[in-house]
**Q** 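Let me give you the structure first, and then I'll get to my questions.
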Amino acid sequence: LLRGPSVYRPDRWPERAQARRDLVLSLLRQKGLISQSDEEAARREVLLGERFSPPRKAFHLAAFLLDPPQARRWRWGAPGFAGQVTSLDPVLQDNLEKNLLLALKTLPDEVNGAGLLVSNQSGLVLAYLGGVRKAGPTFHVDNLRSKGSSGSALKPFLYLAALAETTLGPAELLAERARETLGDSKSKPGAQGQAPALELLRLIGQARALEVLKSVGFSINSDNDYVNSLIFENLETSMLELAGAYATLARGGQVVRPGFDPKGQYLGPQLFPQQAVCLINQSLCSERAKSKGPSAEALAFESGLSPNQSGAWLAVYDPAHTLILWLGDPSGQSHQGLLEAAGLLEVGVKFMGELGPKTLWPEAPEALE
């Protein structure tokens, strides 16, 4: 280890660095620790004349995967550990980051963005962005695992519970409520927009609603009294949980638990009737998304806003991929600019359109009339 390493910094003092390097090589050769050819080859090495920063690609995911108790097994240099292979696609990771940074341009520095892309075919995570702004007091917060209220983003699963049990007839539900309240969750703001979902919650019962939410991957605190506001305020979820739930819709009701190991199995049992899920997916293929152009025609989406306006959520999916986006303040402070968060929908449609040819939804099940 060099004494006073700054004295020999090759980007500032290249002559000093080279002289010290050559001296060390001579000593190694004299002690017989390297051969003459090794010394000559090393002397021909060009010293780097600029300073490089460590890569910060997916550092939130790296911290997640190396957290205890995993870190006690996964140590660099430990027997049998030469790194961990993940399912991340670096091209998609970079592309999603660029798109999210554009959405943040008009928002305060305190507001960050996060995104998660899942392959519906395998359940593997292809892009993992816990936060795209790499500066500020909250840059280290992994917003994909942090929990918060996602507001209306939970509505589809409440309607799914009703359709799956035929508590209400599908025709009645779709004609009167779901296409309006699911297809455009901002068409009726405040209590007026929540009224149909609250009425449905009372009809199917809180116990069944919680059971369905838990079955698609949401964490349910049995000690919490959610009352009628459970789907809007009291139930906190994470983007990881939302991704699995919406990927379950994309797969026609088969459970998806997103994961990172290319050799892992992340698909579960069929939980819901395909005809019920088909109706939900049709409702979420909104005219609002289609208005963004041909690339959005096959997309289903639902948005949500945290009750204190600290975060805006968006789920966008088709049969092939599920994308969850978030803009918000990790400290929990409210921001008026998040009321619309129009940039999220733009980012979602644009990014999904760049994934390749659109995947069309399968034909409606025969059991659906």
**Q** Are the side chains of Asp261 and Val85 in contact, using a 4.5 Å heavy-atom criterion?
**A** no
**Q** In sequence, state the C-alpha distance, the side-chain angles, and the governing distance for Leu249 and Phe157, and then conclude on side chain to side chain contact (heavy atoms under 4.5 Å, CB included).
**A** CA-CA 9 Å; Leu249 291 181; Phe157 306 98; 3.8 Å; yes
**Q** According to ring-ring contact (aromatic ring centres under 6.0 Å, His included), who are the partners of Phe260, at least two apart in sequence or on a separate chain?
**A** Phe64, Tyr128
**Q** Take atom NZ of Lys98 as the centre, draw a 6.0 Å sphere, and report whether it contains more than 12 heavy atoms from other residues, nucleotides or ligands.
**A**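 No.
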**Q** In Å, rounded to the nearest 0.5 Å, how long is the span from CG of Asp329 to CG of Asn143?
**A**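 Here the rounded value is 9.5 Å.
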**Q** Are Leu27 and Ile34 connected in a single hydrophobic cluster, I mean Ile/Leu/Val/Met/Phe/Trp/Tyr linked by side-chain heavy atoms less than 4.5 Å apart?
**A** no
**Q** What is the distance from atom CG of Asp94 to atom CG of Asn99, rounded to the nearest 0.5 Å?
**A**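 If we round to the nearest 0.5 Å, Asp94:CG and Asn99:CG are 11.5 Å apart.
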**Q** Does some side-chain heavy atom of Val118 sit less than 4.5 Å from a side-chain heavy atom of Leu124?
**A**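 The answer is no, as the side chains (C-beta and beyond) never meet within the 4.5 Å cut-off.
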**Q** Side-chain heavy atoms nearer than 4.5 Å, only ILVMFWY residues, links allowed to pass through others: does that put Leu327 and Met352 together?
**A**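 Result: yes, single cluster for both.
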**Q** With a 4.5 Å cut-off on side-chain heavy atoms, are Gln254 and Phe272 touching?
**A**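 A side-chain contact under 4.5 Å is absent here.
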**Q** Please check if Val91 and Leu88 belong to a single hydrophobic cluster, counting links between Ile, Leu, Val, Met, Phe, Trp and Tyr side chain heavy atoms closer than 4.5 Å.
**A**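 No, Val91 and Leu88 fall in different hydrophobic clusters.
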**Q** Do Val255 and Val216 have side chains that get closer than 4.5 Å, going by heavy atoms?
**A**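 The answer is no, as the side chains (C-beta and beyond) never meet within the 4.5 Å cut-off.
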**Q** Quick one: do Arg21 and Glu45 make a salt bridge, cutoff under 4.0 Å?
**A**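 Between Glu45 and Arg21 there is no salt bridge, as every charged N stays at least 4.0 Å from the carboxylate O atoms.
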**Q** About how many Å separate CD1 of Ile280 and SG of Cys285, when rounded to the nearest 0.5 Å?
**A** 11.5 Å
**Q** Could you measure the distance from the CD1 atom of Ile204 to the CG atom of Leu160? Nearest 0.5 Å is fine.
**A**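 The distance works out to 9.5 Å.
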**Q** Is any side-chain heavy atom of Val347 closer than 4.5 Å to a side-chain heavy atom of Leu345?
**A**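 No - every pair of side-chain heavy atoms lies 4.5 Å or more apart.
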**Q** With the 4.5 Å side-chain cut-off for hydrophobic clustering, are Leu47 and Tyr8 part of the same group?
**A** no
**Q** Would you mind reporting whether Tyr246 and Pro156 have side-chain heavy atoms less than 4.5 Å apart?
**A** yes
**Q** Please walk me through it: do Leu129 and Gln93 pass side chain to side chain contact (heavy atoms under 4.5 Å, CB included)?
**A** CA-CA 7 Å; Leu129 283 165; Gln93 180 90 355; 3.7 Å; yes
**Q** Let me see the working for Glu241 and Ser219 under side-chain hydrogen bond (donor to acceptor under 3.5 Å, both in side chains), right down to the final yes or no.
**A** CA-CA 8 Å; Glu241 291 180 351; Ser219 300; 2.4 Å; yes
**Q** Can you list the residues that meet the salt bridge (Lys or Arg N to Asp or Glu O under 4.0 Å) rule with Lys214, with sequence neighbours excluded?
**A**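 With sequence neighbours excluded, Lys214 shows a salt bridge (Lys or Arg N to Asp or Glu O under 4.0 Å) to no residue whatsoever.
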**Q** Would you call Arg9-Asp11 a salt bridge at under 4.0 Å N-O?
**A**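 Asp11 and Arg9: salt-bridged.
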**Q** Consider side-chain hydrogen bond (donor to acceptor under 3.5 Å, both in side chains). Of Asn120, Thr322, Asn281, which one does Tyr317 pass it with?
**A** Asn281
**Q** Any idea which heavy atoms bring Gly244 and Pro258 closest together, and the distance?
**A** CA-CD, 3.6 Å
**Q** Would Phe59 and Lys134 count as a side chain to side chain contact (heavy atoms under 4.5 Å, CB included) here? Give the steps.
**A** CA-CA 10 Å; Phe59 65 93; Lys134 298 183 174 69; 4.0 Å; yes
**Q** Take atom CD in Gln121; do more than 12 heavy atoms of anything else shown fall under 6.0 Å from it?
**A**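 Counting neighbours around CD of Gln121, 12 or fewer heavy atoms of other residues, nucleotides or ligands fall under 6.0 Å, so no.
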**Q** Please determine whether a side-chain nitrogen of the Lys or Arg among Glu40 and Arg43 lies less than 4.0 Å from a carboxylate oxygen of the Asp or Glu.
**A**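 No, no charged N to carboxylate O under 4.0 Å.
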**Q** Verify, without hydrogens or angle tests, whether Gln270 (side chain) and Gly252 (backbone) share a donor-acceptor contact under 3.5 angstrom.
**A** yes
**Q** Where the side chain of Ser238 meets the backbone of Lys147, is there a donor-acceptor pair that is under 3.5 Å apart?
**A** no
**Q** Do Val141 and Leu61 sit in one hydrophobic cluster, given that two such residues count as connected whenever their side-chain heavy atoms are within less than 4.5 Å of each other, even indirectly?
**A** no
**Q** If you look at every heavy atom in Gly131 and Ala114, which pair is closest and at what distance?
**A** N-CB, 4.4 Å
**Q** Please name the pair of heavy atoms, one in Ala300 and one in Trp361, separated by the smallest distance, quoted to 0.1 Å.
**A**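 It is CB-CZ2, 4.1 Å.
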**Q** How long is the gap from CG on Leu107 to CZ on Arg133, to the nearest 0.5 Å?
**A**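 Output value for this atom pair is 7.0 Å.
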**Q** For the residue pair Leu323 and Gly348, what are the closest heavy atoms and their distance?
**A**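 Minimum heavy-atom contact is CD2-CA, 3.9 Å.
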**Q** Is any side-chain heavy atom of Val277 closer than 4.5 Å to one of Gln274?
**A** no
**Q** Between Leu240 and Ile324, does the side chain to side chain contact (heavy atoms under 4.5 Å, CB included) criterion hold? Intermediate values first, please.
**A** CA-CA 8 Å; Leu240 268 174; Ile324 307 295; over 6 Å; no
**Q** So with a 6.0 Å cut-off around CZ of Arg16, is the heavy-atom count from everything else above 12?
**A** yes
**Q** So does Arg29 pair up with Asp38, basic N to acidic O under 4.0 Å?
**A** no
**Q** Taking the six-membered ring for Trp, are Phe301 and Trp313 closer than 6.0 Å centroid to centroid?
**A** no
**Q** Hey, are the side chains of Leu314 and Val316 touching, using non-hydrogen atoms and a 4.5 Å cut-off?
**A**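 Yes, side chains in contact.
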**Q** Does Tyr266 have Arg257 sitting over its ring (NZ/CZ under 6.0 Å from centre, angle to axis within 45°)?
**A**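 Not satisfied by the 6.0 Å and 45° rule.
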**Q** Can you measure from CZ (Arg145) to CE (Met239) and round to the nearest 0.5 angstrom?
**A**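 If we round to the nearest 0.5 Å, Arg145:CZ and Met239:CE are 13.0 Å apart.
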**Q** What's the shortest heavy-atom distance between Gly328 and Pro330, and which atoms?
**A**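 Looks like O-CD, 3.5 Å.
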**Q** Check Gly113 against Leu100 and note the closest heavy-atom contact, atom names and distance.
**A** C-CD1, 4.4 Å
